[in-house]
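One structure below.
If you read the sequence from its start, that first residue is 1, and numbering goes on from there. As the structure is a prediction and not an experimental result, all values here were calculated from the model.
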Amino acid sequence: MDDASMIGFMGRVTGTIGPGLVGEVIVRVRGGAEHFLAYAADSTGRIERGTVVMVVEYLPPRTVYVTAAYDS
């Protein structure tokens, strides 16, 4: 999977993301669902479990930066 191919994918937070925390998201890729380590794209926000997120940066092999997909 190339670096740009993950950008724009939607996922769901499975481990809270926030300052000082490495979170986790599950994203549907390659015909299945995979877990990735996750950081908030704005680096100051907190994203709670269950939030739908969008991948804005991908660092192979298993790290993504995300932002909430919908305003709450």
Check against side chain to side chain contact (heavy atoms under 4.5 Å, CB included), Val55 and Tyr65:
CA-CA 6 Å; Val55 175; Tyr65 284 79; over 6 Å; no
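- Residues satisfying the side chain to side chain contact (heavy atoms under 4.5 Å, CB included) test with Ile26, not counting sequence neighbours, are Arg12, Thr14, Ala33, His35.
- Evaluation of the salt bridge (charged side-chain N to carboxylate O under 4.0 Å, His left out) rule for Arg28 yields no partner, not counting sequence neighbours.
- Qualifying side-chain hydrogen bond (donor to acceptor under 3.5 Å, both in side chains) partners for Arg49, counting only residues two or more places apart in sequence or in other chains: none.
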Are Val13 and Glu48 close enough, and set up right, to give a side chain to side chain contact (heavy atoms under 4.5 Å, CB included), and what steps lead you there?
CA-CA 7 Å; Val13 176; Glu48 299 295 332; over 6 Å; no
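- For the pair Val56/Val66, no side-chain contact is recorded, criterion being any heavy-atom separation below 4.5 Å from C-beta on.
- Closest approach of Pro19 and Ser43 over heavy atoms only: CG-O, 4.2 Å.
- Here Met54 contributes atom CE and Ile7 contributes atom CD1; the two are 10.0 Å apart, rounded to the nearest 0.5 Å.
- Using a 4.5 Å cut-off on side-chain heavy atoms (C-beta onward), Val64 and Met6 make contact.
- Nearest heavy-atom pair, Tyr39 versus Val22, reported as atom, atom and distance to 0.1 Å: OH-CG2, 3.3 Å.
- Residues that satisfy the side chain to side chain contact (heavy atoms under 4.5 Å, CB included) test with Ala40, not counting sequence neighbours, are Ile17, Asp42, Ile47.
- Partners of Glu34 under the side chain to side chain contact (heavy atoms under 4.5 Å, CB included) rule, at least two apart in sequence or in another chain, are Val29, Arg30, Phe36, Arg62.
- Across every non-hydrogen atom of Met10 and Val27, the tightest pair is O-CG1, 3.6 Å.
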